[in-house]
Amino acid sequence: MAGQLIVGLDVSTRARAEEIVALLGDSVDFFKIGYQCFYGADGFALGKALIAAGKKVFFDLKLLDIDNTVEKGVAAFAETGAQMLTVHAYPKTMRAAAKAAAGSGLTVLGVTVLTSMDDADVKEAGYERDAAGLVALRAQQARDAGIGGVVASPHEAEMVRTIVGPRLAIVTPGIRPAGSAAGDQKRIMGPAEALAAGASHLVVARPIIEATDPAAAARAILAEMNGGARLA
């Protein structure tokens with residue numbers, strides 16, 4: 001289960017990111033580097049240092065550009081030895097990313113619909129589908145593009161699994177363990193439920209990195225992932 005838990009290093013300094021990694025010790029070996037850490041905490045160098053130290057790194061940067069630019073960008077991340085990288089789940093973007101990642105150990109993930117968005121947000125963005133319908137479309141396109149998986153809300157994990165099959169990764173943010181506040185997330189679920197629904201990896205940031213004891217918080221989530229009790 002430890003390899004399925006990804007801790008989001010959503011902090012603004014490299015010193016704080018390294019402190020969190022040290023506090024977590026051996027309880028977690030997989031870390032997500034998103035915008036805040038990448039741009040504010042020298043996240044590219046941090047990621048390479050973590051990889052050199054034997055950790056797994058997920059660069060969550062949601063790449064989107066012309067095909068050639070995406071292809072060259074993905075190739076650069078593949079050379080670092082990173083485990084995962086996100087792109088927007090547009091067909092041309094995913095095909096370019098799949099081409100660049102071919103033969104490497106990098107799993108390209110297509111971001112379907114952000115977990116901070118609900119049906120009203122999707123409608124406001126100009127889509128005629130609801131959130132679940134748009135996720136389904138993006139999941140099918142990701143499968144057909146040949147990338148390694150998708151990022152989706154745990155609420156759509158079961159549906160997505162039926163679309164992409166058993167081998168592709170389904171990475172789910174919006175995970176809230178027992179007693180955690182929802183924050184700005186709208187489509188959330190507990191750790192055990194998300195795995196049961198078909199998720200392959202869970203991304204958790206605030207409930208761990210803002211905890212008084214991050215290692216204890218991570219262990220509690222791992223216990224829930226292993227079927228431990230969850231409060232109603």
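Throughout, numbering of the chain's residues begins at 1 and tracks the sequence.
Leu109 has its side chain out of reach of Ile147: every pair of non-hydrogen atoms, C-beta onward, lies at least 4.5 Å apart. Side chains of His201 and Ile6 form a contact here, defined as non-hydrogen atoms less than 4.5 Å apart. A heavy-atom distance below 4.5 Å is found between the side chains of Val113 and Val122. Side-chain contact between Val171 and Val203 is present, with heavy atoms from C-beta onward closer than 4.5 Å. Residues Ile20 and Val11 meet the side-chain proximity criterion, which asks for heavy atoms closer than 4.5 Å. No side-chain heavy atom of Tyr35 sits less than 4.5 Å from a side-chain heavy atom of Asp60. The shortest distance between side-chain heavy atoms of Phe30 and Gln4 does not fall below 4.5 Å. Between Leu106 and Val74, some side-chain heavy-atom pair lies under the 4.5 Å cut-off.
In plain terms, the two heavy atoms of Val28 and Lys55 that are nearest each other are O-NZ, 3.9 Å. Considering every non-hydrogen atom in both Glu224 and Pro191, the closest pair reads OE1-CD, 3.3 Å. Taking all atoms of both residues into account, the shortest heavy-atom contact from Gly174 to Pro154 is O-CG, 4.0 Å. Between Ala97 and Val108, the shortest heavy-atom distance links the atoms CB-CG1, 3.7 Å. Between Ala78 and Ser104, the shortest heavy-atom distance links the atoms CB-OG, 3.8 Å. When all heavy atoms of Ser200 and Ala169 are compared, the pair lying nearest together is OG-CA, 3.4 Å.
Of the possible donor and acceptor atoms, one in the side chain of Asp119 sits under 3.5 Å from a partner among the backbone N and O of Ala131. In this structure, the side chain of Arg161 engages the main chain of Leu168 through a donor-acceptor pair within 3.5 Å. Looking at Arg138, its side chain never comes within 3.5 Å of a backbone N or O of Val111 through a donor-acceptor pair. Listed for the Thr172 side chain is no donor-acceptor partner under 3.5 Å among the backbone atoms of Leu202. Thr112 places a side-chain N or O within donor-acceptor distance of the main-chain N or O of Val151, the cut-off being under 3.5 Å.
Phe59 and Phe77 have tilted rings, their planes meeting at an angle from 30° to 60° on a 0 to 90° scale.
One hydrophobic cluster holds both Ile170 and Met159 under the rule that ILVMFWY side chains link at heavy-atom gaps under 4.5 Å. Both Met117 and Leu134 are part of a single hydrophobic cluster, where members link through side-chain heavy atoms under 4.5 Å apart. Both Leu64 and Leu137 are assigned to one and the same hydrophobic cluster, defined by single-linkage of ILVMFWY side chains at heavy-atom distances under 4.5 Å. A continuous path of hydrophobic side-chain contacts links Phe31 to Phe38 [ILVMFWY only; heavy atoms under 4.5 Å].
Open room surrounds CD on Glu158; 12 or fewer heavy atoms of other groups in view lie less than 6.0 Å from it. Counting non-hydrogen atoms of other residues, nucleotides and ligands closer than 6.0 Å to NZ of Lys62 gives a total above 12.
With sequence neighbours excluded, the residues forming a side-chain hydrogen bond (donor to acceptor under 3.5 Å, both in side chains) with Lys92 are Asp67, listed by chain and number.
Rounding to the nearest 0.5 Å gives a distance of 14.5 Å between NZ of Lys72 and CG of Leu63. In this structure, CG in Asp213 is found 9.0 Å from CG in Leu24, a value given to the nearest 0.5 Å. Separation of atoms CD1 (Ile221) and CE (Met225) is listed at 8.5 Å; rounding is to 0.5 Å. Residue Asp118 holds its CG atom at 11.0 Å from OG of Ser153, rounded to the nearest 0.5 Å. To the nearest 0.5 Å, the span separating CG on Leu46 from CD1 on Ile33 amounts to 4.5 Å. Taken to the nearest 0.5 Å, the CD1 atom of Ile208 stands 10.0 Å off from the CG atom of Leu9.
Each of Arg14, Lys48, Arg16 was checked for a salt bridge (charged side-chain N to carboxylate O under 4.0 Å, His left out) with Asp42, and the lone residue meeting it is Arg14.
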**Request:** Might you work through the side chain to side chain contact (heavy atoms under 4.5 Å, CB included) test for Gln83 and Val57, ending with a clear yes or no?
**Result:** CA-CA 5 Å; Gln83 193 84 6; Val57 171; 6.0 Å; no
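Classification of Lys32 and Asp10 as a salt-bridged pair holds, one side-chain N sitting under 4.0 Å from a carboxylate O.
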